[in-house]
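Report on one structure; see the data block that follows.
It should be emphasised that the depicted structure is a prediction, and the values quoted were computed from it without experimental measurement. Values reported hereafter were calculated over all heavy atoms of this structure, with side chains retained and with hydrogens, waters and symmetry mates removed.
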There are 2 protein chains.
Amino acid sequence: MAKTVTLPPIVHPTLDEITVEGVLRALADPVRLGIVRQLAAADHEIACGGLTVPVTKSTITHHLSILRQAGVVAGRQEGTTRFNSLRRNDLDTLFPGLLAGVLAAPR
Amino acid sequence: MAKTVTLPPIVHPTLDEITVEGVLRALADPVRLGIVRQLAAADHEIACGGLTVPVTKSTITHHLSILRQAGVVAGRQEGTTRFNSLRRNDLDTLFPGLLAGVLAAPR
DNA sequence: CGACAATTTCGATCGGCGTCGTACAATGGA
DNA sequence: TCCATTGTACGACGCCGATCGAAATTGTCG
């Protein structure tokens, strides 16, 4: 059998668990905003190691955890690699225009 | 004489001085988010004392200062009273949809 | 099995920020 | 002139979060 999912499943908040304040807090950090921008620019998944950020790996893990708990980012496990993607549809549903407005900012 | 403007003029950032991260940081606080919601709901100016928030006066002053420095709120002095209003047009110009998305949130 | 690679977890540190109370300044009216 | 009202300035305190390094977990490949 090829099924080897021993890792604890990654938990994501459901739509009704996502709060606007949580999302704003998650986005209100330069490192996390950079991560979100990279995920939005390349509209495919990106592994932790594929992110360009000026912090260590463990700090990246911390930021991704916050982004996931806030409902901004989704994570998918594949082997030892974790692929991250923007929950664009969900965010657009809850807070239409928010993400677009943030990403429209030149800087 | 009726003209008595001796107070230091309130400074507001110009459009090119407003950053998305500054705005997000300003909005990422429950008290400040409440203030913004009140200003948005009543689309007229509100004095500091007219805001309903669970903190002391001096803390309100602090939060309004942050909101003003971030470019979210504009202040206008009239006598001893300071009237505050949302810089809705400016924010919509810089980050179209952001404010709408935030205000669309049920909670 | 053993080595390596990807990521997480843990513990510790350190700075920033939200909060308050008090004192202070400015304005307008009695 | 004196006082009430409105808001600001300042100092202090406590807590949360961003950061790092080291150790642990998990999976893959020889």
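- Within the structure, salt bridge (Lys or Arg N to Asp or Glu O under 4.0 Å) contacts touching residues 85-97 of chain B (residues at least two apart or in different chains) are B:R87-B:D90.
- For B:Q69, the side-chain contact (heavy atoms from CB on, under 4.5 Å) partners are B:S65, not counting sequence neighbours.
- Identified under the side chain to side chain donor-acceptor pair (under 3.5 Å) test for residues 97-106 of chain B, with sequence neighbours left out: none.
- Atom C1' of nucleotide D:dA18 and atom CD of B:E21 are separated by 13 Å, given to the nearest angstrom.
- Atom C1' of nucleotide C:dT8 and atom CD of A:Q69 are separated by 13 Å, given to the nearest angstrom.
- Using a 4.0 Å cut-off, no side-chain N or O of B:R82 falls inside it from OP1 or OP2 of D:dT6.
- Counting only residues at least two apart or on different chains, the salt bridge (Lys or Arg N to Asp or Glu O under 4.0 Å) pairs with a member in residues 24-48 of chain A are A:E45-A:R76.
- Atom CG of B:L64 and atom P of D:dG7 are 9 Å apart (whole Å).
- Screening residues 57-70 of chain A for salt bridge (Lys or Arg N to Asp or Glu O under 4.0 Å) gives no qualifying pairs among residues at least two apart or on separate chains.
- B:T61 pairs by the side-chain contact (heavy atoms from CB on, under 4.5 Å) definition with nothing, not counting sequence neighbours.
- Protein atom CD1 of B:I66 is 7 Å distant from nucleotide atom P of C:dC17, rounded to whole Å.
- For A:T52, the side-chain contact (heavy atoms from CB on, under 4.5 Å) partners are A:Q38, not counting sequence neighbours.
- Contact check of residues 28-39 of chain A against DNA chain D (heavy atom, cut-off under 4.0 Å) returns A:D29, A:V31, A:R32.
- Scanning all heavy atoms of the two residues, the minimum distance from B:F95 to B:V23 falls at CE1-CG2, 3.8 Å.
- Near DNA chain D, defined here as any heavy-atom distance below 4.0 Å, the residues from residues 42-62 of chain B are B:A47, B:C48, B:G49, B:S58, B:T61, listed numerically.
- Linking Ile, Leu, Val, Met, Phe, Trp and Tyr residues whenever their side-chain heavy atoms come within less than 4.5 Å places B:L24 and B:V31 in a single cluster.
- Spacing between atom CZ of A:R25 and atom C1' of D:dA18 amounts to 13 Å, rounded to whole angstrom units.
- At whole-Å resolution of the value, CG in B:L67 and C1' in D:dT8 are 16 Å apart.
- Protein atom CD1 of B:I10 is 10 Å distant from nucleotide atom P of D:dA9, rounded to whole Å.
- In this structure, A:E78 atom CD and D:dT26 atom C1' are separated by 15 Å, rounded to whole Å.
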